[in-house]
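Notes to accompany the following structure.
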Amino acid sequence: MKNLIPFLILAVFAFSCDFNDDSGPRSGDQKWILAGYQDGRVPNPSYSTIRDSSYFYSLASDGTFRKSIGKQGIGGTYEERFEDGLRKFTFQFEDPNSELIHSCTNGKETYFLNSKGQLTGTWDACEGNKLYFNRQ
């Protein structure tokens, strides 16, 4: 009987634990708001700051995202990876022909984190604006 009591106490603690890895709130959600840009059509462009922007990306921890520009929006999936010493993001859009896509490649956008921690676009490679987003 003495051996049964410690076993029962241990069993109660073991069965009361939640071993589900998916419990609790997700901490990987991110929101990135447009902070500024550089004009990709001019040599040596200056940085223009944006205040009170309604242009942002909402990234969910399940690999989906939503891009909003004013009242318009589009979604899709994203991949985050480390490449060439940079943290890079590739956004794959559900509608590859949307006018909301700012990229040199049809249907996807590529961003990286710069040294200031800003999500930085690559649209300037084909004479678009280089976009900078701050995490909110």
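Side-chain atoms are counted along with the backbone in the values below, which use heavy atoms only and exclude waters and symmetry mates. Just so we're clear, the structure is a prediction, and the values are computed from it rather than from any experiment.
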Using 30° and 60° as the class boundaries, would you call the ring planes of His102 and Tyr55 parallel, tilted or perpendicular?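 His102 vs Tyr55 ring planes: tilted.
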Worked verdict on Gln118 versus Arg135 for side chain to side chain contact (heavy atoms under 4.5 Å, CB included): CA-CA 7 Å; Gln118 292 178 307; Arg135 188 169 180 176; over 6 Å; no
Stepwise, does the side chain to side chain contact (heavy atoms under 4.5 Å, CB included) test hold for Leu131 with Thr120? CA-CA 6 Å; Leu131 305 173; Thr120 306; over 6 Å; no
Rounded to the nearest 0.5 Å, what's the gap from [atom1] on [X] to [atom2] on [Y]? Could you check?
| X | Y | atom1 | atom2 | answer |
| --- | --- | --- | --- | --- |
| Asp39 | Asn129 | CG | CG | 5.0 Å |
| Arg66 | Glu94 | CZ | CD | 6.5 Å |
| Leu34 | Asp52 | CG | CG | 11.5 Å |

More than 12 non-hydrogen atoms from neighbouring residues, nucleotides or ligands closer than 6.0 Å to OH on Tyr37, yes or no? no
Using the disulfide (SG to SG under 2.5 Å) rule, collect all pairs that involve [range], keeping only residues at least two apart or in two chains.
| range | result |
| --- | --- |
| residues 35-89 | none |
| residues 29-97 | none |
| residues 105-136 | Cys104-Cys126 |

Kindly give the cluster partners of Leu86, where membership spreads through any ILVMFWY side chain lying under 4.5 Å from a current member. Phe112
Using the test side chain to side chain contact (heavy atoms under 4.5 Å, CB included), find all partners of Asn97 that sit at least two apart in sequence or belong to another chain. Asp95, Asn106
Mind checking side-chain hydrogen bond (donor to acceptor under 3.5 Å, both in side chains) for Thr64 and listing every partner two or more places apart, or none if nothing turns up? Asp62
Among residues at least two apart in sequence or on other chains, which ones pass side-chain hydrogen bond (donor to acceptor under 3.5 Å, both in side chains) with Lys108? none
Going by salt bridge (Lys or Arg N to Asp or Glu O under 4.0 Å), name the pairs with one or both residues in residues 116-128, residues two or more places apart or in two chains.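 Every pair satisfying salt bridge (Lys or Arg N to Asp or Glu O under 4.0 Å) with a residue in residues 116-128: Asp124-Lys130.
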Criterion side chain to side chain contact (heavy atoms under 4.5 Å, CB included) on Asn114 and Tyr132, from CA distance to verdict: CA-CA 9 Å; Asn114 68 16; Tyr132 298 87; 3.8 Å; yes
Just by distance, do the side chain of Thr105 and the backbone of Ser103 share a donor-acceptor pair under 3.5 Å? no
Check step by step if side chain to side chain contact (heavy atoms under 4.5 Å, CB included) holds for Tyr57 and Ile33. CA-CA 7 Å; Tyr57 289 82; Ile33 297 178; over 6 Å; no
Do Glu109 and Gln92 come within less than 4.5 Å of each other through their side chains, counting heavy atoms only?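 The answer is no; the side chains never approach within 4.5 Å.
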Does a side-chain heavy-atom distance below 4.5 Å link Gln30 with Gln136? no
Can you name the ring pair (Phe, Tyr, Trp, His ring centres under 6.0 Å) partners of Phe89, sequence neighbours left out?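 For Phe89, no residue satisfies ring pair (Phe, Tyr, Trp, His ring centres under 6.0 Å) once neighbours in sequence are set aside.
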Under the ring pair (Phe, Tyr, Trp, His ring centres under 6.0 Å) rule, collect the residues that match up with Trp32, sequence neighbours excluded.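 With sequence neighbours excluded, Trp32 shows a ring pair (Phe, Tyr, Trp, His ring centres under 6.0 Å) to no residue whatsoever.
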Can you list every pair that meets ring-ring contact (aromatic ring centres under 6.0 Å, His included) and has a residue in residues 58-77, with sequence neighbours left out?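 Of all non-adjacent pairs touching residues 58-77, those that pass ring-ring contact (aromatic ring centres under 6.0 Å, His included) are Phe65-Phe91, Phe65-Phe93.
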Show me, pair by pair, the donor-acceptor contacts under 3.5 angstrom made by side chains of residues 73-85, not counting sequence neighbours?
unit_1 : atom_1 : unit_2 : atom_2 : d
Tyr78  : OH     : Ala60  : O      : 2.8
Glu80  : OE2    : Arg87  : NE     : 2.4
Glu80  : OE2    : Arg87  : NH2    : 2.6
Arg81  : NE     : Glu83  : OE1    : 3.0
Arg81  : NH1    : Thr90  : OG1    : 2.8
Glu83  : OE2    : Lys88  : NZ     : 3.2

